[in-house]
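See structure below.
Counting from 1, the numbers follow the sequence of the chain as shown.
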Amino acid sequence: MKVPAMIAAELRRLTASKMGIIALIALVCVPILYGGLYLWANQDPYAKFPDVPVALVVDDAGAPAPTTGTDAETGETVNYGEDVAENLIDGNAFDWQRMSADEAADALREGTVDFTVTIPDDFSAALTSAAGDDPHQARIELETNDANNYLASSMGTQAVEKIRSSVAEMVGSEAAERLLTGLSEVRDNLVTAADGASQLTDGANTAANGSATLADGTSQLADGTSQLAGGASELAGGAATLASGAQQVSDGNRQLADVADRAGSAVQHATDALPQARQDIATVLTDQGLTQEEIDRVLATLDPLRTRLEEGNATVQNAVDKVDQLAAGAESLASGASQLASGAQTLAGGAQTVATGAAAANDGAAQLRDGLSTLASGTAELRDGLSDGVEQIPVSTPELRTLQADTIADPVKVSSDKVASAEDYGAGLAPFFAALSAWIGIYALFLIVKPVSRRAVTALHSPIRVTLAGWLTPAMLGAVQMVGLMGILAITLGFTFNNPIGTLGVMIFASATFAAIILTLNVWLGSVGQFLGLVLMVLQLVTAGGTFPWQTLPAPLAALHHVLPLGYVVDAMRQLMYGGNLARAGWDLVVLGIWLVGALLLAAIGVTRMTHRRTLRDLQPSLIG
């Protein structure tokens, strides 16, 4: 009997009655129903999140708005809790329902909401606390009830984390913008300070130049008063010799009167000039921005000179009057000679005092000159330092500060790309459940399909033909199952396939491989082998890596992932469905080919054994089918 004849005989047996046809159609539809219904139910659960009820409790009492130096008296308040609530409701990520704390607790306990999110009364105060002396973190309270749904609790945790990062970005952006605004104000103030320092430097230079002129004048004054002291000493000597002769007194008196007049004029000039010089110095120092205390310290060095000049001037003028009296008449010269000598001596002492005061004034003026020179250097350094500070702070605008604040608050932007992409959650699960459906479909078919033809075995037909016939019958029916499942995935559910022909080819090849494996189990172990097919399905269900990555499995199960065929089917379908690595898909098919060929060889060996040696077990009816 040829292989096609054996296949046809088996198909006639399966369709010999209406119930047989119904059973065959039902079993062919098993993988279509299993894979189609499951993937339909989980096609895009994320799109249904807006229907998930969540309680939102907002107890935030608000807080004074953080301020900078220019708006410290605005008295504005902020309520970040209300802002967050509005953003959540507008975002429509869940079915947010605003409730009181008691209402939310009752709703969570009764299961009318899946989790609750509470914004406490100190939320805004905590967010603004970083600007005060008691900084502390704000809290967002999540309460879940795993008795309602464990995954809802997981969704709540992820939702609260997104709220936290969003609030942190919002508050961080506002804080950074306030900081940048304050920095911009600092820059403006530094510009003003730099301009003032430049003016102060110019004034200090002017004062330094004036003090140098003053020092030159006081030096000349010191020289003049020194000469005056010398002249006064000479005058005292002349007065002593005046008594020696009237004619000499008359002539000397006139000379003395001239000298005294010049000396008196010089001293009077110095005395009269000193207050004006003092006022000029005060005016210059005031213009340069020195405080009154600093000016007083500078002028204090001139006060002793003023006193001494005034005392010396009074003494000199008194001496000049006396000299003039001597000039009034020669007859008084002899009688006043002794007085003249005494007055001349006094004049010499006063002139010496004036000279000493002038020298002190010269020293003070020199100190003033040096101090103002140091002040000029210091103000120049201040001006340059302020100018450098201004240059180091960039010019800013409100728009630039907003962009800078957003960058500071959220400095990292995640740019994601996909080498291969599944369009939604259902498409991501499709390879796993399509592969699992192929195994379930073949397993179900072997409930009614006979693994081998007993007539052919009894007639000692070729074991290879018997094996091929026993494999091709469920393999062809499995191909029908996979074509139907592919239609459900592509047409009914609307999944897109990067390589639809290749994907369908993998599904059919996987179904044929599973048919060979279950055939082998049935040939060698009978009904026990059929049961082991169920056990093998369970093992592959947990080791294929269809949902979580296979690396998360315990070590023994991870090892099985590299051996059992279902994981290779899932991987090959992913590569072809999503547009991944075709070389990986080729390797997956090689592994499946090894399973297919190995299973058929073992099945053929088992059929050969049956044609040459029969046992009572072979004659007993199977527990299944």
> Can you find a heavy atom in the side chain of Leu485 that is under 4.5 Å from one in the side chain of Met507?
Replying inline: yes
> What residues form a salt bridge (Lys or Arg N to Asp or Glu O under 4.0 Å) with Glu143, not counting sequence neighbours?
Replying inline: none
>> Among residues at least two apart in sequence or on other chains, which ones pass side chain to side chain donor-acceptor pair (under 3.5 Å) with Ser124?
In response: Asp60
> Hey, does Pro565 have a side-chain heavy atom less than 4.5 Å from the side chain of Phe514?
Replying inline: yes
> Considering residues at least two apart in sequence or located in another chain, which fulfil the side-chain contact (heavy atoms from CB on, under 4.5 Å) criterion with Ile605?
Replying inline: Trp524
>> If the condition is side chain to side chain donor-acceptor pair (under 3.5 Å), which residues does Asp95 pass it with, not counting sequence neighbours?
In response: Gln97
>> The criterion is ring-ring contact (aromatic ring centres under 6.0 Å, His included); which residues satisfy it with Trp550, sequence neighbours excluded?
In response: His561, His562
>> Quick check: do Met573 and Phe432 have side-chain heavy atoms less than 4.5 Å from each other?
In response: no
> When rounded to the nearest 0.5 angstrom, what is the spacing between CG in Leu56 and OG1 in Thr118?
Replying inline: 8.0 Å
>> Is there a side-chain contact between Val54 and Thr116 in this structure, where contact means two heavy atoms from C-beta onward sitting under 4.5 Å apart?
In response: no
> Does the side chain to side chain contact (heavy atoms under 4.5 Å, CB included) test come out yes or no for Leu596 and Phe509, once each step is laid out?
Replying inline: CA-CA 9 Å; Leu596 173 63; Phe509 189 63; 3.8 Å; yes
> Is there a donor-acceptor pair closer than 3.5 Å between any side-chain N or O of Thr112 and the backbone N or O of Ala107?
Replying inline: yes
>> The criterion is salt bridge (Lys or Arg N to Asp or Glu O under 4.0 Å); which residues satisfy it with Arg139, sequence neighbours excluded?
In response: Asp122, Glu141
>> Looking at Tyr578 and Phe497, would you say the former's side chain and the latter's main chain have a donor-acceptor pair under 3.5 Å?
In response: no
> side chain to side chain contact (heavy atoms under 4.5 Å, CB included) between Val117 and Val57: does it pass, once the steps are laid out?
Replying inline: CA-CA 6 Å; Val117 174; Val57 181; over 6 Å; no
> Under the 3.5 angstrom rule, does the side chain of Asp588 hit a backbone N or O of Val569 as a donor-acceptor pair?
Replying inline: no
> Which residue pairs pass the side-chain hydrogen bond (donor to acceptor under 3.5 Å, both in side chains) test when at least one of the two sits in residues 466-489, sequence neighbours left out?
Replying inline: none
>> I'd like to know if the side chain of Thr520 and the backbone of Ala599 have a donor-acceptor N/O pair within less than 3.5 Å.
In response: yes
> Taking only residues two or more places apart in sequence, or in another chain, which ones meet Phe433 in a ring-ring contact (aromatic ring centres under 6.0 Å, His included)?
Replying inline: Tyr38
>> Please find the pair of heavy atoms, one from Val78 and one from Pro64, that lie closest to each other, and give the distance.
In response: CG2-O, 4.3 Å
> For the side chain of Trp587 and the backbone of Leu582, is there at least one donor-acceptor N/O pair under 3.5 Å apart?
Replying inline: no
> Taking side chain as C-beta onward, heavy atoms only, is Asp59 less than 4.5 Å from Ile119?
Replying inline: no
>> List the residues meeting side chain to side chain donor-acceptor pair (under 3.5 Å) with Asp106, not counting sequence neighbours, and say none if there are none.
In response: Arg109
> Among all residues two or more places apart in sequence or in another chain, which pass the side-chain contact (heavy atoms from CB on, under 4.5 Å) test with Ile440?
Replying inline: Val30, Tyr34, Leu436, Met537
> For Asp571, what residues pass the side chain to side chain donor-acceptor pair (under 3.5 Å) criterion, not counting sequence neighbours?
Replying inline: Gln575, Arg584
>> Using the side-chain contact (heavy atoms from CB on, under 4.5 Å) criterion, which residues pair with Val538? Sequence neighbours excluded.
In response: none
